[in-house]
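Here the structure is laid out as structure tokens; the discussion comes afterwards.
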Amino acid sequence: MTPNTARFIDVHVLHPVPFSNLNRDDANAVKTVQYGGTLRTRVSSQCWKRAAREDFQTHIGQAALRTRRIGERVTSELQERGWPADLALRAGGHLAAGSSIKFELAKTKDKEIIPNKVLTNAMVYVPETAVGELADLAEEFRPLLEAAKDIKKPADKSVLPKERIETVLRSRNGVINLFGRMLAEVDEAGVDGAVQVAHALTTHTTDVEVDYFSAVDDITAAWKDSTGSGHMGHAEYSAGTFYRFATIDLRDLSANIGDEPDALRELTSAFLSAFIESVPRAKKNSTAPHTLPSLIHVSVRTDRPVSYAAAFEKPVRATETSGFAEPSADHLSTYAQAANAMLGNSRILTCGFTSTTSKDLPGLGIRYGSLDELLETTLATALTPAPAGTSA
Amino acid sequence: MSSPALPEPGLLLRLTGPLQSWGEHSHFTDRDTAAFPTRSGVIGLLAAALGRSRGQSITDLTRLSLTVRADRPGVRLRDLHTVGGGLPAKATVTTAEGKKRSGDTTTLLSHRHYLADAAFTIALTAPPAPSSTPAEHADHRDLLARCENALHFPQWPLYLGRRSCPPEGPLLVARTDDALHHLVRLPLAATAPAPSGIEFLSDRPLHTLPVPENLLTADTSDGAHPAGQATDEPLTFHTTRRTYRARPLYRRSLHLPAEQYAGLGTKQLDALAAYLSRHLPETMEGNRP
């Protein structure tokens with residue numbers, strides 16, 4: 001039987017990026033991958049996901065905090081609330097030491113332990129609002145904290161109730177519901193993310209350019225008493241049109257949120273916009289790689305996500321007049337048609353695209369004049385429950 | 001020359017995408033990959049499709065036999081990945097000055113290995129035991145039908161060994177009554193014959209692989225005996241008690257006809273669709289229930 005409810009939103013983006021190095025490895029080199037027998041430029045999924053996550057947080061006006069220093073953060077909150085410094089420090093220490101996460105103590109430059117400055121061994125990942133909640137907890141138990149001993153070694157026990165602290169550490173917001181959280185140390189704090197992001201790679205063969213540079217010494221230049229530069233070096237860059245793919249699992253996301261259709265719509269919409277428009281910021285001041293996608297294709301599927309990466313397994317070639325964006329769009333359309341012929345179009349509830357090229361792209365569904373229209377139709381189809389009794 | 005085995009029902013899958021990674025000995029910050037899809041990886045994929053949680057039994061799935069055809073073996077890729085901290089300073093990377101960073105700024109580096117540019121076609125078969133009863137036969141078919149449906153409508157999104165490696169295009173090619181026959185004959189996701197031929201890897205002897213007579217060469221290594229072993233037989237995927245054991249690994253290379261090399265991307269998909277409509281029309285969309 002074919003379910004006819006929207007399950008996945010697949011988003012495919014063709015994104016030209018000029019001379020840049022969005023994601024580098026341990027040697028500052030551009031990340032690459034071999035595909036279809038030729039070399040491509042690559043941006044790891046983790047790298048582009050972080051860029052998307054930061055934009056997403058701005059969109060929805062929620063922040064999440066990922067840190068080993070949660071105790072110190074609460075200490076500073078308590079000081080702002082007028083607590084004496086010593087007591088605020090002790091409270092932060094007891095809060096950070098009070099969960100199942102093992103911890104160590106910060107040390108001074110001379111390797112002396114700083115009491116109550118607790119570093120958890122795992123990073124906690126909590127909504128920004130958790131700081132206030134932990135501070136409230138400290139307020140509630142202030143008399144107990146005033147009488148408590150300092151936390152001086154990893155074996156010291158907190159006087160605060162573990163379960164109450166862990167409830168705060170388990171709390172979530174939209175960011176965590178969408179992207180997930182890995183925290184094995186606290187029971188039931190793990191959240192399976194509802195988005196999957198693939199590594200981005202260029203649709204065509206690329207070369208890595210080694211850019212030699214020198215820096216002028218202003219005084220040498222002004223006095224002209226010597227020749228040569230103040231500094232020489234080299235850096236690696238590359239340019240190309242990337243194929244990017246991500247998918248949202250609507251069922252997982254709504255399970256993470258609970259029954260809240262408005263929140264589901266808000267998070268889905270914000271993620272799609274953030275993923276489409278984000279660009280990783282590495283070397284942004286030297287290359288300003290702030291480009292927009294040349295094509296966005298979105299489909300709402302009932303069955304499973306389908307990546308179209310193999311549209312570019314055979315590398316796209318630019319002609320004298322075409323560049324890469326236009327032939328990449330053609331490859332994508334042709335491949336989508338072949339893949340859906342095999343899989344069956346009945347599992348696609350709606351699909352469409354918007355593009356800077358004016359070519360006919362029959363494999364990509366309805367053409368929309370703007371990204372807003374495309375996303376509006378997508379969300380309307382994806383988030384409207386199928387009428388009862390219909391079958392696909 | 002031994003006679004081909006009896007036809008076995010099974011599923012044919014394409015495991016292809018720019019990156020895949022089939023961990024074998026992965027440990028903490030060093031995440032390796034085997035050179036081919038592992039039994040634990042493929043059974044894990046089925047379990048995810050079926051919505052089995054980590055602690056649930058997989059004994060029905062481990063009865064399936066896995067035969068891999070390496071259309072394109074791919075190349076290894078090492079990716080550096082950084083995470084913002086979480087380890088004591090002494091366990092972290094050394095800075096340019098030869099020192100360690102202080103506790104609150106330590107960065108964790110991990111190396112993740114991938115197979116780039118690889119394409120595999122696999123057969124998951126349910127070999128009927130010589131003494132199996134009709135009821136057991138039906139049971140096998142039922143399992144394959146449930147796996148087929150789950151691969152069409154997976155409970156959790158599927159990936160090629162790691163979540164950042166989604167499969168591209170169609171994953172399930174067909175469910176058939178003679179899976180190994182078609183595994184040898186399906187169009188290849190590759191452009192030109194390699195001198196060493198196409199390698200088959202399996203958990204069972206490969207000398208009974210149903211190879212057309214005209215492809216048999218005087219090659220003495222016909223896959224009758226294990227070429228080694230792989231430690232990828234999953235016993236449980238339970239989060240805290242995940243265990244694997246070793247199993248024999250059989251290998252065999254075949255020089256498949258040049259016209260079977262269908263090329264890349266759209267070309268291979270078109271060839272696959274043409275093959276299915278000629279040989280397995282009942283599996284094509286539209287003819288499916």
Side-chain angles (χ1 to χ4, degrees), chain A residues 1-3 7-8 25-26 31-37 40 42 44-46 49 66 68-69 72 104 106-107 119-123 184 192-193 196-199 201 245 247 249 252 302-314 331 334-335 337-339 341-347, chain B residues 16-19 49 72 74-75 77-88 93 102-104 106 109 112 114 116-117 119 149 151-159 163-171 173 189 191 239 263-270 272-273 276 284-286 288-289:
Chain A
M1 212 193 81
T2 310
R7 173 77 200 279
F8 294 102
D25 70 6
D26 36 353
K31 283 190 178 181
T32 57
V33 63
Q34 179 185 311
Y35 194 43
R40 319 294 180 95
R42 176 173 61 94
S44 75
S45 63
Q46 298 88 359
K49 192 154 67 173
R66 181 156 62 172
R68 296 177 62 202
R69 305 171 62 186
E72 290 172 65
E104 57 190 273
K107 291 179 184 147
L119 294 168
T120 54
N121 282 358
M123 287 204 279
D192 282 328
Q196 197 178 353
V197 177
H199 292 242
L201 61 156
F245 171 74
T247 184
D249 185 335
D252 277 4
T302 62
D303 55 348
R304 48 162 290 226
V306 182
S307 155
Y308 296 152
F312 312 106
E313 201 170 29
K314 183 172 180 237
H331 277 234
T334 314
Y335 183 82
Q337 220 156 10
M342 261 188 83
L343 287 163
N345 285 316
S346 66
R347 292 114 176 260
Chain B
T16 142
L19 295 171
R72 298 207 310 273
V75 294
L77 172 82
R78 181 184 67 87
D79 192 42
L80 172 87
H81 181 97
T82 59
V83 185
L87 280 186
V93 72
S102 64
D104 49 1
T106 52
L109 299 186
R112 296 167 185 222
Y114 296 88
D117 213 4
N149 190 58
L151 289 167
H152 279 308
F153 300 101
Q155 192 74 16
W156 292 307
L158 305 177
Y159 47 84
R163 212 164 141 84
S164 62
C165 308
E168 77 52 37
L171 179 71
V173 177
T191 45
T239 26
L264 305 176
T266 310
K267 276 178 80 181
Q268 196 247 346
L269 271 197
D270 287 343
L272 212 51
L276 293 178
M284 294 292 283
E285 181 66 25
R288 231 185 262 134

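These figures come from a predicted structure and were not determined experimentally. Here is how names work: the chains are called A, B, and so on, in the same order as the sequence lines, proteins then strands, and each is numbered from 1.
Using a 4.5 Å cut-off between heavy atoms, A/Thr32 touches chain B through its backbone atoms (N, CA, C, O) alone. With a 4.5 angstrom heavy-atom cutoff, B/Leu151 touches chain A only via backbone atoms. Of the atoms belonging to A/Ser307, heavy atoms from both backbone and side chain fall under 4.5 Å from chain B. Both the backbone and the side chain of A/Ala309 come within contact range of chain B, with heavy atoms under 4.5 Å apart. For chain B, no part of A/Phe312 is nearby; none of its heavy atoms comes within less than 4.5 Å.
Rounded to the nearest 0.5 angstrom, B/Leu19 CG and A/Arg42 CZ are separated by 6.0 Å. The line from OG1 of A/Thr334 to CG of B/Leu269 is 11.5 Å long, rounded to the nearest 0.5 Å. Taken to the nearest 0.5 Å, the SG atom of B/Cys165 stands 5.5 Å off from the NE2 atom of A/His199. Distance CG/B/Leu276 to CE/A/Met342: 5.0 Å, rounded to 0.5 Å. Distance check: A/Tyr308 OH to B/Thr266 OG1 gives 11.0 Å after rounding to the nearest 0.5 Å. The NE2 atom of B/His152 sits 9.5 Å away from the CZ atom of A/Arg304 when rounded to the nearest 0.5 Å.
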Evaluate B/Arg112 against A/Gln46 for side-chain contact (heavy atoms from CB on, under 4.5 Å), listing each step before the verdict.
CA-CA 12 Å; B/Arg112 296 167 185 222; A/Gln46 298 88 359; 4.0 Å; yes
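Interface check for chain A: of the options B/Pro18, B/Ala116, B/Pro166, the most heavy-atom pairs under 4.5 Å are formed by B/Pro18. Counting heavy-atom pairs closer than 4.5 Å to chain B, the top residue among A/Lys49, A/His331, A/Lys314 is A/Lys314. Residue with the most contacts toward chain A among B/Leu158, B/Leu264, B/Asp270, B/Thr16: B/Leu264 (heavy-atom pairs, distance under 4.5 Å). Contacts with chain B were tallied for A/Ser44, A/Ala106, A/Ala198, A/Ala311; A/Ala198 has the most, counting heavy-atom pairs under 4.5 Å.
The salt bridge (Lys or Arg N to Asp or Glu O under 4.0 Å) search around A/Asp303 returns A/Arg301, A/Arg347, not counting sequence neighbours. With sequence neighbours left out, A/Asp252 forms a salt bridge (Lys or Arg N to Asp or Glu O under 4.0 Å) with no residue at all.
Put simply, the side chain of B/Glu168 never gets that close to the backbone of A/Val306: no donor and acceptor are under 3.5 Å apart. The backbone N or O of B/Phe153 sits nowhere less than 3.5 Å from a side-chain atom of A/Arg7 that would complete a donor-acceptor pair.
Contact of the B/Leu77 side chain with the A/Gln34 side chain is not registered, since no non-hydrogen atoms from C-beta on lie closer than 4.5 Å.
Nearest heavy atom pair, residue A/Tyr335 against residue B/Gly169, reads OH-CA, 3.4 Å. Closest heavy-atom contact between B/Pro157 and A/Asp249: CD-OD2, 3.5 Å.
Using a 4.0 Å cut-off between charged nitrogen and carboxylate oxygen, A/Glu313 and B/Arg72 count as a salt-bridge pair.
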